[in-house]
Number of protein chains: 2
Amino acid sequence: MPATMHDVAALARVSVKTVSNYFNGYPYMRAETRARIERAVDELGYRLNVTARSLRRGSTGMISLIVPELDQAYFAELAQEVIDVAATFGLTVLVETTSGDRDRELEALSGLHRQLIDGAIFDPLALGPSDAPQLGGGLPLVILGERQFEGLADHVLIADEEVAHRAVSHLVEIGRRRILLLGAGSPGTHTAILRRRGSEAALAEAGLPVDGDLVVSTDGWTRDAGAAATARALDDGRRFDAVFGFNDALALGAQWVLLERGLAVPGDVAVIGVDDTRDARFAHPTLTTMSPGRAQIARRAVELLVSRIREPETENGFASVTADFELIVRDSTVAPGTLNSTP
Amino acid sequence: MPATMHDVAALARVSVKTVSNYFNGYPYMRAETRARIERAVDELGYRLNVTARSLRRGSTGMISLIVPELDQAYFAELAQEVIDVAATFGLTVLVETTSGDRDRELEALSGLHRQLIDGAIFDPLALGPSDAPQLGGGLPLVILGERQFEGLADHVLIADEEVAHRAVSHLVEIGRRRILLLGAGSPGTHTAILRRRGSEAALAEAGLPVDGDLVVSTDGWTRDAGAAATARALDDGRRFDAVFGFNDALALGAQWVLLERGLAVPGDVAVIGVDDTRDARFAHPTLTTMSPGRAQIARRAVELLVSRIREPETENGFASVTADFELIVRDSTVAPGTLNSTP
DNA sequence: TTGTAAGCGTTATCAA
DNA sequence: TTGATAACGCTTACAA
């Protein structure tokens with residue numbers, strides 16, 4: 001049975017209030033009192049009981065990060081960043097995975113863990129605007145990526161249309177004309193719709209047609225799904241000289257199949273993704289990608305959440321910040337040694 | 001202000017104890033009482049306060065998983081498995097990352113989060129046997145991978161020597177003679193030492209010499225480190241026809257550099273790893289690897305931890321279970337179409 | 001600057 | 001089968 005604050009107080013010959021003050025950084029305390037407390041704490045090996053504190057305070061110092069799955073590089077890397085940033089605020093992160101399942105997303109927001117956390121950072125996959133009423137009921141919430149809930153919670157957004165536009169423009173600039181849009185297609189998440197819209201705008205600006213045959217759905221945004229869809233497109237005899245994977249996983253799956261089929265990347269088909277995961281750097285050839293500023297996303301998300309937790313009553317609207325993005329050109333679009341033919 | 005158990009009790013016209021019984025699956029209850037409680041719960045939207053329960057029970061229903069970093073595929077995939085298995089036991093997982101830093105490993109075991117958890121699953125990187133006294137002081141603990149603490153906690157082990165032996169034997173069977181051991185070398189974790197030992201045993205059995213030049217240290221077990229060390233070995237003019245990366249990340253880093261330098265895999269150099277991460281399946285060429293039975297590891301770890309939490313006083317020694325492993329042959333050692341020349 | 005005492009929302013003891 | 005009541009260990013008015 002571990003020592004309690006009462007034990008410390010008794011040994012230090014002060015009241016529990018004073019010991020509590022000590023642990024809460026209350027400044028007005030005689031140096032000698034402080035020293036006595038410190039000695040007692042050492043002697044007893046005392047550690048503050050966080051559960052009791054939480055019960056009394058009504059807050060836990062924990063936030064959850066709700067993502068589809070950890071074994072996708074993007075989410076694993078995001079989780080690591082969020083954990084690190086949260087730690088600088090003294091917050092502990094509970095990582096919840098949902099497999100993109102609607103019920104599990106709702107459960108993460110309003111289930112048993114609900115009262116274990118002071119707020120949540122949520123990367124929704126299945127939930128849509130019609131679920132808005134169930135969005136945690138007063139739980140401080142920051143939504144990542146999706147803009148469907150704007151006005152209902154704080155958001156950290158990716159400029160989906162612009163990112164897609166830039167990616168497709170890059171492919172056009174290196175001379176590609178028939179670009180497979182991998183991850184678009186019905187029904188499609190809101191993110192998918194926006195990235196498709198941006199892609200088609202870039203094609204239109206370049207005076208290129210949008211070929212419905214080259215707008216391809218995938219069953220999820222994983223390497224498996226990207227590989228399968230690309231294989232199908234090749235088997236169908238569709239012709240394309242570039243692939244825009246709506247995330248890195250899709251692009252890597254596509255690239256894998258292309259190489260497997262003996263096609264040259266980027267010689268025959270150029271490939272570009274989105275996310276700048278570590279996997280992109282270590283693909284062979286290395287994958288050109290749009291970096292969404294993951295570190296910035298994690299930082300802003302935690303900051304927004306912390307201020308929402310501290311001042312829940314700021315009813316004058318919710319914040320939406322959009323992260324910066326950047327084109328990272330690698331070998332999957334511009335072969336090394338090739339002089340970039342960009343005008 | 002959310003409803004409490006008292007509110008429910010009042011509305012259902014029973015005592016709080018009865019409501020508590022209801023939530024704890026106490027079987028002796030009249031159907032009508034149960035129905036009244038259920039109606040009151042619904043009406044009030046009542047949810048059990050986990051913090052209060054934890055305070056009263058002295059346990060939280062949370063366990064932590066302590067790993068070096070989530071953005072390594074192996075750990076991300078392991079975390080996902082552990083979270084899923086733990087959920088079947090009604091346990092919540094707190095994922096702690098340490099960067100393999102000694103202080104952070106100790107902090108995860110005995111810091112503030114210590115009392116937030118009922119036990120921990122720990123994949124140590126920096127801590128050694130000399131830290132044993134600090135191993136959580138009575139915290140139920142299951143250690144993964146490392147056998148250095150055997151006798152001090154429960155273990156779920158990988159058969160490091162046998163795994164390495166099998167990997168090297170496979171390379172020998174396909175005719176390789178000069179095998180780079182990537183990840184061995186001083187100082188080296190205990191795991192590294194065992195895998196090196198197993199590798200050298202396999203070489204010895206095959207009548208092959210152990211060339212010190214081919215035993216290569218890396219700065220961590222990441223793709224970056226694997227790439228850097230392999231590049232160095234090539235630059236030094238060391239000759240080898242195979243690489244055994246002590247994990248998939250190292251092997252993938254090596255493979256990446258080899259391809260970058262224009263060498264053929266497996267034509268010039270065969271590559272094999274350990275872990276069977278998803279990355280291995282999507283490398284190009286696909287990476288041959290030793291599967292350590294990750295699902296089994298996660299399941300056994302959680303099971304051991306749960307029984308240790310339930311019966312902390314089983315002082316008659318600690319359990320050590322060793323996971324099964326399996327060789328997964330892919331294209332990085334046996335090119336597709338090549339008839340396997342194994343005797 | 002420090003002390004007293006009343007909760008926070010459960011669960012456990014014991015009795016009925 | 002259910003009820004009254006005392007903890008669990010901390011924070012926080014309020015008092016001194």
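Keep in mind that this is a model prediction, so the values were computed, not measured. A note on names: the letters A, B, ... follow the listed sequences, proteins ahead of strands, and every chain is numbered from 1.
- Applying the side chain to side chain donor-acceptor pair (under 3.5 Å) rule to Y22(A) yields the partners E38(A); only residues at least two apart in sequence or on another chain are considered.
- Between the two ends of the helix from dT1(C)-dA16(D) to dA16(C)-dT1(D), each summarised by a five-pair axis, the helix axis turns through 30° (rounded to 10 degrees).
- When every heavy atom of A52(A) is checked against every heavy atom of L55(B), the shortest pair comes out as CB-CD1, 3.7 Å.
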**Footprint string (nucleotides 7-16 of chain C, 5' to 3'): B base within contact, S backbone only, - free, heavy atoms under 4.0 Å** = BBBBBBB---
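- By the side chain to side chain donor-acceptor pair (under 3.5 Å) test, N24(A) is found to be paired with S20(A), R53(A), R57(A), residues two or more places apart in sequence or in another chain being considered.
- Residues A76(B) and D71(A) come closest through the heavy atom pair CB-CA, 4.4 Å.
- In terms of heavy atoms, Q115(A) sits closest to R47(B) at NE2-CB, 3.2 Å.
- Legend: residues meeting side chain to side chain donor-acceptor pair (under 3.5 Å) with T277(B), ordered by chain and number and at least two apart, are D248(B).
- Listed by chain and number, the residues in a side-chain contact (heavy atoms from CB on, under 4.5 Å) with L106(A) are R102(A), L127(A), Q134(A) (sequence neighbours excluded).
- One can place OH of Y28(A) at 13 Å from P of dT2(C), the figure rounded to the nearest angstrom.
- A close approach under 4.0 Å does occur between a side-chain nitrogen or oxygen of T18(A) and OP1 or OP2 of dG3(C).
- Shown for residues 29-43 of chain B: residues whose heavy atoms fall under 4.0 angstrom of DNA chain D, namely M29(B), R30(B), T33(B).
- Across all their heavy atoms, L125(A) and T189(A) have their closest contact at O-CG2, 4.0 Å.
- Residues satisfying the side chain to side chain donor-acceptor pair (under 3.5 Å) test with N49(B), not counting sequence neighbours, are none.
- Across A120(A) and I66(A), no two heavy atoms sit closer than the pair CB-CD1, 4.0 Å.
- Scanning for side-chain contact (heavy atoms from CB on, under 4.5 Å) contacts around D7(B) gives A3(B), T4(B), L44(B), with sequence neighbours left out.
- Between chain A and DNA chain D, the heavy-atom contact criterion of under 4.0 Å yields a 5' to 3' nucleotide range of dG9(D) to dA13(D).
- Shown here are the side-chain contact (heavy atoms from CB on, under 4.5 Å) partners of A323(B), two or more places apart in sequence or in another chain: Q296(B), I297(B).
- Among residues two or more places apart in sequence or in another chain, the side-chain contact (heavy atoms from CB on, under 4.5 Å) test is passed with R299(A) by V85(A), E303(A).
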